[in-house]
Each structure stands twice: as structure tokens, then as C-alpha cells.
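Not measured: the values here are computed from a predicted model.
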Amino acid sequence: MSYQPLKGQTALVTGASSGIGLGVARALGAAGADVVVNYVSAPEAAERVAEEIRAGGSRAFAIRADVSREDQVRGMFAQMLEAWRGIDILVNNAGLQKDAAFGEMTLEQWNAVIGVNLTGMFLCSREAVRAMVRRGARPEVSRAAGKIICVSSVHEVIPWAGHANYAASKGGVKLLMQTMAQELAPARIRVNSIAPGAIQTPINREAWETPQALKSLLTLIPYGRIGQPEASAAWRSSSPPTTPTTSTARRLSWTAG
């Protein structure tokens with residue numbers, strides 16, 4: 001029988017139809033959580049993720065919402081709360097890149113990235129916090145009233161020429177997460193972030209899709225391989241937490257548990 005530390009909890013993962021979000025949504029479902037799969041395009045892909053989660057025994061459904069739009073974020077949370085009466089876990093994952101040399105970057109490119117990567121985290125986190133505070137902690141499933149996990153990037157601290165909008169958004173995520181963690185702790189809402197390095201997802205395809213590009217990228221990675229989306233979804237549910245292979249799972253099951 002699989003280990004399901006998140007049984008009885010509900011989760012929302014933004015940008016869950018591909019990449020890191022897809023891996024996180026799958027892992028949350030495997031760990032027992034019921035999952036809302038958020039997407040902004042590719043409804044067929046989002047529904048496939050939800051179907052896979054349901055096939056594993058957890059509830060799941062897909063909701064389309066642009067996280068940079070306040071009305072759509074509110075609508076998404078209203079739909080989730082009507083169906084499940086609460087939210088235990090929010091994974092702020094939705095993100096995009098619109099790269100340009102700094103002197104050539106347009107205001108549209110700047111605003112689009114800041115809007116999704118940073119403002120989207122604010123809007124989703126605010127709605128989640130309101131719902132978590134209203135319901136309060138449920139000791140039978142978690143010691144916390146809620147958990148918010150922000151997917152950031154190593155570029156929250158590492159400058160990235162040609163990607164000023166992206167790096168600025170992730171630097172903002174770092175301090176947004178830390179400030180929320182400080183402010184929301186008295187309400188028993190736990191806030192953390194993860195800052196992955198290079199992960200093999202569609203957002204950075206140019207960095208790995210050719211042998212030459214991949215070879216250049218790997219010179220920067222001591223481990224000698226590019227990360228996979230599943231590695232960022234660090235909730236492991238295939239074995240109980242007493243096995244040596246689940247040390248990472250124990251750490252991050254605590255984050256979401």
C-alpha cells in the first residue's frame with residue numbers, strides 16, 4: 001500500500017498542465033491529496049493530469065484561470081471552495097519567460113512576466129490565506145491551518161543577463177515568500193519556497209533541446225545532468241517514510257503535511 005501522508009487534504013497547483021506543476025500535481029495526488037489542476041491553455045493536457053490523479057484514488061478536476069487576473073483567480077478559488085469547502089495546500093507554480101536584451105525589452109514583456117510570476121503569486125496566496133484563516137487548523141489532518149509553497153528559481157539570487165524581467169520576478173518571490181512566512185506564522189499558515197536550477201521543461205527548451213546547448217548547460221551543473229520535473233515534486237508516496245530513499249520525501253512531506 002502506498003504511503004499517503006496528505007490524505008484528507010485539498011491542494012491547488014497553478015500552472016499544473018505541464019512541467020514542474022504537472023510533476024507536483026501528480027505527486028500530491030499520489031500522496032493522497034485531492035488536487036485542483038490549474039491551467040491557462042492546453043485544457044486537454046490539464047484534464048489528462050486530473051484523470052491520472054483520479055485513477056490513483058484521489059479527487060481532481062481542472063480549472064482554467066490566468067493567475068495574473070484578479071477576477072479569474074477569485075473565480076477559481078470560489079469554484080474550488082464550493083466543491084471542497086476548503087484548501088489546505090497552495091502550490092504557486094505558474095510562471096513564464098519573455099526574454100529580451102534589456103535595451104530591447106518592451107513594457108508588455110516586462111508586465112507579462114511580473115504579472116504571472118509575481119502578481120499571480122500574490123493573488124493566489126491572498127485568496128488561499130483568506131480561506132485558510134476562515135476555516136482554521138484541522139488537527140486530524142495537519143498541525144498547520146494551511147501550507148503555501150512558492151516555486152521560485154535560482155535566479156532569485158543569481159543575475160541572468162537577457163532575462164531581467166524573469167530574474168526580477170523571482171527576486172520578488174523570495175521576499176514575498178519570506179514576508180508571508182513571517183506575517184502568517186501566528187495564523188498557523190506555513191509558507192516555504194523551492195528555488196530549482198535547470199529543470200527540463202518547455203519554458204527553457206532552448207537550453208537543452210540540442211546536444212550542443214545541453215553540453216554547455218551541463219558545464220554549470222556539478223551533478224552532471226539536468227533536473228526533471230518530478231525532482232521538484234518532492235512528495236514521495238511509493239514507500240513508507242522509514243526507508244532511506246525517502247529522506248527528501250520526509251523533509252517535503254513536512255512542508256506540505
Side-chain angles (χ1 to χ4, degrees), residues 6 8-29 31 33-54 58-96 111-136 138 142 144-152 169 172-173 176-177 180 184 187 189-193 203 229 233 235 256:
L6 304 180
Q9 300 194 48
T10 59
L12 188 156
V13 183
T14 65
S17 61
S18 67
I20 290 174
L22 185 156
V24 168
R26 284 173 171 168
L28 286 169
D34 299 322
V35 184
V36 168
V37 178
N38 163 254
Y39 70 97
V40 73
S41 60
E44 298 85 359
E47 184 53 37
R48 283 195 297 271
V49 179
E51 287 177 358
E52 182 178 337
I53 294 169
R54 290 193 295 265
S58 295
R59 296 180 297 176
F61 61 96
I63 302 179
R64 184 190 183 281
D66 178 346
V67 299
S68 69
R69 295 278 303 275
E70 184 176 28
D71 59 335
Q72 294 188 26
V73 170
R74 284 181 167 172
M76 174 172 63
F77 274 84
Q79 188 174 342
M80 178 183 184
L81 297 177
E82 181 179 3
W84 292 345
R85 306 301 178 190
I87 178 171
D88 298 287
I89 302 163
L90 168 67
V91 181
N92 278 313
N93 166 75
L96 56 79
N111 284 339
V113 171
I114 297 296
V116 172
N117 296 11
L118 183 56
T119 303
M121 287 208 183
F122 158 69
L123 291 172
C124 291
S125 297
R126 187 185 63 180
E127 294 305 308
V129 165
R130 289 170 174 172
M132 291 168 179
V133 168
R134 281 196 303 268
R135 187 173 66 174
R138 295 185 298 151
S142 176
K147 285 78 61 176
I148 297 174
I149 300 151
C150 302
V151 179
S152 186
S169 73
V173 166
L176 174 64
M177 178 278 294
M180 287 195 301
L184 297 172
I189 297 174
R190 188 184 304 143
V191 188
N192 290 279
S193 70
I203 198 174
W235 296 271

Minimum heavy-atom separation for [X] to [Y], with atom names?
X: Val173; Y: Cys150; value: CG1-CB, 4.1 Å
X: Ala11; Y: Leu28; value: CB-CD1, 3.9 Å
X: Arg138; Y: Asp88; value: NH2-OD2, 2.7 Å
X: Gly86; Y: Thr10; value: O-OG1, 2.9 Å
X: Thr14; Y: Ala94; value: OG1-N, 2.8 Å
X: Asn38; Y: Ala65; value: ND2-O, 3.2 Å

Starting from the C-alpha separation in whole Å, work towards a yes-or-no answer on salt bridge (Lys or Arg N to Asp or Glu O under 4.0 Å) for Glu44 and Arg48.
CA-CA 6 Å; Glu44 298 85 359; Arg48 283 195 297 271; over 6 Å; no
Neighbour count above 12 (heavy atom, 6.0 Å) for Arg69 CZ
no
Distance-only, no hydrogens or angles: does the [X] side chain make a donor-acceptor pair with backbone N or O of [Y] under 3.5 Å?
X: Asp34; Y: Ala60; value: no
X: Arg64; Y: Tyr39; value: no
X: Ser68; Y: Val116; value: no
X: Ser17; Y: Ala42; value: no

Apply the test side-chain contact (heavy atoms from CB on, under 4.5 Å) to residues Leu22 and Val13: give CA-CA distance (whole Å), side-chain angles for both, the deciding distance (0.1 Å), then the verdict.
CA-CA 8 Å; Leu22 185 156; Val13 183; over 6 Å; no
Arg126 vs Leu123, test: side-chain contact (heavy atoms from CB on, under 4.5 Å). Steps then yes/no.
CA-CA 5 Å; Arg126 187 185 63 180; Leu123 291 172; 3.9 Å; yes
For residues [X] and [Y], determine if any side-chain heavy atom of one lies less than 4.5 Å from a side-chain heavy atom of the other.
X: Val129; Y: Leu184; value: yes
X: Lys147; Y: Leu90; value: no
X: Val37; Y: Val35; value: yes
X: Phe61; Y: Glu47; value: no

Excluding sequence neighbours, so at least two apart, what forms salt bridge (charged side-chain N to carboxylate O under 4.0 Å, His left out) with Arg130?
Glu127
Audit row: Arg26, Glu52, side-chain contact (heavy atoms from CB on, under 4.5 Å) steps and yes/no:
CA-CA 8 Å; Arg26 284 173 171 168; Glu52 182 178 337; 3.1 Å; yes
From [X] atom [atom1] to [Y] atom [atom2], the distance as rounded to the nearest 0.5 Å:
X: Met121; Y: Ile149; atom1: CE; atom2: CD1; result: 11.0 Å
X: Leu176; Y: Phe122; atom1: CG; atom2: CZ; result: 8.5 Å
X: Leu12; Y: Ile87; atom1: CG; atom2: CD1; result: 5.0 Å
X: Asn192; Y: Met177; atom1: CG; atom2: CE; result: 6.5 Å
X: Ile114; Y: Thr119; atom1: CD1; atom2: OG1; result: 7.0 Å
X: Cys124; Y: Asn93; atom1: SG; atom2: CG; result: 10.5 Å

Hydrogens and angles aside, do Asn92 and Ser125 bring a side-chain donor and acceptor to less than 3.5 Å of each other?
yes
Between Ser169 and Asn117, do the side chains contain a donor N or O and an acceptor N or O under 3.5 Å apart?
yes
Quick one: list whatever passes side chain to side chain donor-acceptor pair (under 3.5 Å) with Ser193, sequence neighbours left out.
none
Please lay out, stage by stage, how Ile148 and Met132 fare under the test side-chain contact (heavy atoms from CB on, under 4.5 Å).
CA-CA 10 Å; Ile148 297 174; Met132 291 168 179; 4.1 Å; yes
